[in-house]
Amino acid sequence: MDYFLELFLGGLTRGSIYALIALGYTMVYGIIELINFAHGEIYMIGAFTGLIVISVLTLLGWNTVAIIIIAALVAMVYSAAYGYTIEKIAYKPLRGSQRLSALISAIGMSLFLQNYVLLAQTSNFLPFPNLIPEFGIVKPIEHIVRSTEIVIYIAAALVMVGLTVLIKFTRMGKAMRAVAQDRDMAMLVGVDVNRVISFTFVIGSSIAALGGVLVASHIGQVNYYVGFIAGIKAFVAAVLGGIGSMPGAVLGSLVLGWTESFFTGYISSDYEDVFAFVFLVLILIFRPAGILGRSQTDKV
Amino acid sequence: MKKPIGRFIVLVVALALAGLMIYGCPQQEEKKAEAPAPAAPAPEPVEPVKLGVAGAHSGDLASYGIPSVRAAQLVVKQRNAMNGVGGRQIEVLVEDDVCKPEVATNTATKLVTDKAHVVVGHICSGATKSALGIYKESGIIAMSPSATNPALTQSGDYPNFFRTIASDDAQARLQVDFALDKLGLTKLAVLHDKGDYGKGLAEFAKGFLEADSRAEVVLYEGITPGAVDYSAVVQKVKRSEAEAVIFGGYHPEASKIVTQMRKKGMDTIFISDDGVKDVTFIKVAGEFAEGVYATGPVDTSKNPIAMEAIEAHKKEFGEDPGAFYLNAYAATQALLNAIEKSGSTDFDVLKQTLQNEWVATPLGIIKFDERGDAIGVGFAVYQVQGGDFATIEM
């Protein structure tokens, strides 16, 4: 039973990490139906920014909790600026054209950002200090779950709830839903579509940066390539849960995390990815729109 | 009547001219090609020896590849200052393969097109394997400072391949001997990263352990490189009650696994390979790296040629050399020595010279066996102690 619980929590950690990235993916897709492949790179840039801020503030001798909070905030703001700029440079000029063009532009942006960080920073792995303190209440179960992991669970849950509230109950959320349903009509009734889309990218990017800082604290290292693999997995999770749906992204991430964890634990980690993707295929065969996705007919 | 004839004549003339052009062009070119030929024999020695250096020079594993480039450049600089090899200057051609097999074929083709005579490289086993076929077809000898996959020499598929590093099974043998004889362990887990290098090594370790009645392999698994979390596999190791993990792979995964094991309060012994014996591992894993064992090439710090080579590196680049620097230094020296001794860059002549002539290198005095492995090069066990790798006496 202990073993089951350990695997369950391991899967929960993986799932929550995927969820922090998948939420941004799914939000952008929900509004402009674009798979933003550069999202994983925003996550990576967030982690790098966090590392730089942490290094500077550690030199100044600040309190570690203050450092990690400030690092996360700076990373979120900085990455949000990146998200905003990427949308303006790479996606907005292509908004009227085919979806494929924007998709290729997104892949190009992803490669550009990876190589930019590779050249501007380093190709080496860099150590990322774990500044999240060990909570007293976690002590007895420390061999199973650490406080960093608990912070990741809480962050993923809070972000999911926050985004759902934002979209369901605020004025901006209403505008987002309107743009998602019919961009032209929304524009006609006076919704500032450009602002709504920019806002979506800013929020999505800052969530990715938060994920970047937390995950880097958990695994203790960053390099320019971390965003790519995490991004692919998070994308799978978003599709699994039903792309465009917030609870779907989290559910899909958790299902993927648990699938990987239990499969590794009880069968073999050799075919972990194979099993995860077989599972994805099975779900898409029976529910083509994902677990929580609503199937919709194409707008003609 | 006149007009059709006129047209006919025009047509014939046009065809004849076209014919002339078709036949004329190559003749002209042939003449051009022939023209400088009589003059060529005299300045023949001026043609430089082209030494290709291929490997990972950017990307994740650049820290393994860059030292080879520097080693080759330093040896060549020294040689060129002393009249090159047999009066011929040496030119270094550097090509990056990012450690990827699919890129390595392009890298190799580029070096063949640029008429490299010999190649130092590649760095990673997978990339080396995919490049070797291309060198083989062109009769070019490639000597790797770091590709340790046993099949590269033992399969006999690549008669053009040499290396200045011992193969993986030598390393696995040492790891198993160390774990059983020195540490007296009985239950071991063997993990690998599913790559050519890591899995190859893990399979040898598993084979040696199973052949030995003293120990038992309680877990054998491949992990997914680059994953965000390894807690499931770490829990599995814990559940298997293994006393030690033998890991085949590179430092990014090793540091994640060690860190997660230590954070879960496990003091399982961690034994790994020269893909982990890299300062980056200690830097990234920090305090958790302490006590980790890794096998790597024998310490050559007391060899005068090695000291000289390291000094030259410090002078030129202002820092200590990285992984495989001395192996690459030795490879470059061995190749240039063979060219000088034989006075040729012909494949068969060079191969024979490499197998027969001893050469003094930073790794000791070496030559090569018929399969291409260096005689006189080996491994030792190291342990992370106080933030550095220390040699363990066997």
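Computed from heavy atoms alone, side chains included, the values below leave out hydrogens, waters and symmetry copies. We name chains A, B, ... by the order of the sequence lines, and we start the count at 1 in each one. Keep in mind the model is a prediction, meaning the values are calculated, not measured.
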Undergrad: Is it the backbone or the side chain of Thr13(A) that comes under 4.5 Å from a heavy atom of chain B, or both, or neither?
TA: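 For Thr13(A), side-chain heavy atoms alone lie under 4.5 Å from chain B.
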Undergrad: When you check the gap from the basic side-chain N to the acidic O, do Lys236(B) and Glu272(A) get nearer than 4.0 Å?
TA: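 Salt bridge: no.
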Undergrad: What do you reckon, is NZ of Lys110(B) surrounded by more than 12 foreign heavy atoms closer than 6.0 Å?
TA: no
Undergrad: Could you pull out the closest heavy-atom pair between His218(A) and Asp229(B), with the gap in Å?
TA: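 In this case the closest contact between His218(A) and Asp229(B) is NE2-OD1, 2.6 Å.
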Undergrad: Find the distance between CZ (Phe281(B)) and CD (Gln221(A)) and round it off to the nearest 0.5 Å.
TA: 10.0 Å
Undergrad: Does this structure show an ion pair linking Arg239(B) with Glu6(A), if we count only N-O contacts that are shorter than 4.0 Å?
TA: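 No, no charged N to carboxylate O under 4.0 Å.
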Undergrad: Looking only at heavy atoms and a cut-off of under 4.5 Å, which of Leu191(B), Val234(B), Thr224(B) has the most pairs with chain A?
TA: Thr224(B)
Undergrad: Using a cut-off of under 4.5 Å on heavy-atom pairs, state which of Tyr271(A), Phe128(A), Tyr224(A) scores highest against chain B.
TA: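 Result: the option with the highest number of such pairs is Tyr224(A).
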Undergrad: Would you give the length of the straight line joining atom CG of Asp273(A) to atom NZ of Lys194(B), rounded to the nearest 0.5 angstrom?
TA: 5.5 Å
Undergrad: Just verifying a value: how many Å separate Leu5(A) CG and Gln235(B) CD, rounded to the nearest 0.5 Å?
TA: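 That separation rounds to 9.5 Å.
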Undergrad: Given a strict heavy-atom distance threshold of 4.5 Å, which part of Glu260(A) is in contact with chain B: side chain, backbone, both, or neither?
TA: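 For Glu260(A), no heavy atom lies under 4.5 Å from chain B.
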Undergrad: Under 4.5 Å heavy-atom distance to chain A, tell me which part of Lys263(B) shows up: side chain, backbone, both or neither.
TA: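 Both parts, backbone and side chain.
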Undergrad: Quick one: closest heavy-atom pair of Ser269(A) and Val233(B), and the distance?
TA: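 Heavy atoms only, the tightest pair is OG-CG2, 4.1 Å.
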Undergrad: Tell me, side chain or backbone of Ile219(A) under 4.5 Å from chain B's heavy atoms, or both, or neither?
TA: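 Both parts, heavy atoms under 4.5 Å.
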Undergrad: Name the region of Asn130(A), side chain, backbone, both or neither, that has any atom closer than 4.5 Å to a heavy atom of chain B.
TA: side chain
Undergrad: Please say whether more than 12 non-hydrogen atoms of neighbouring residues, nucleotides or ligands are located less than 6.0 Å from CZ in Phe279(A).
TA: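 No, because the 6.0 Å sphere around CZ of Phe279(A) holds 12 heavy atoms or fewer from other groups.
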Undergrad: Against chain B, work out which of Tyr266(A), Phe125(A), Tyr225(A), Tyr18(A) has the most heavy-atom pairs shorter than 4.5 Å and name it.
TA: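 Result: the option with the highest number of such pairs is Phe125(A).
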Undergrad: CZ/Arg146(A) to OG/Ser231(B) distance, rounded to the nearest 0.5 angstrom?
TA: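 Nearest 0.5 Å value for the CZ-OG distance: 12.5 Å.
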Undergrad: Please round to the nearest 0.5 Å and tell me the distance separating atom OH of Tyr220(B) and atom CG of Asp270(A).
TA: 7.5 Å
Undergrad: Any chance CZ of Phe228(A) has more than 12 other-residue heavy atoms, nucleotides or ligands included, within less than 6.0 Å?
TA: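 No, because the 6.0 Å sphere around CZ of Phe228(A) holds 12 heavy atoms or fewer from other groups.
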Undergrad: So which of Ile223(B), Leu219(B), Val284(B) has the largest heavy-atom pair count under 4.5 angstrom toward chain A?
TA: Val284(B)
Undergrad: For Glu241(B), does the CD atom sit with more than 12 other heavy atoms under 6.0 Å from it, leaving out its own atoms?
TA: no
Undergrad: What part of Ile267(A) gets within 4.5 angstrom of chain B, counting heavy atoms only: side chain, backbone, both, or neither?
TA: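 Contact with chain B involves the backbone of Ile267(A) alone.
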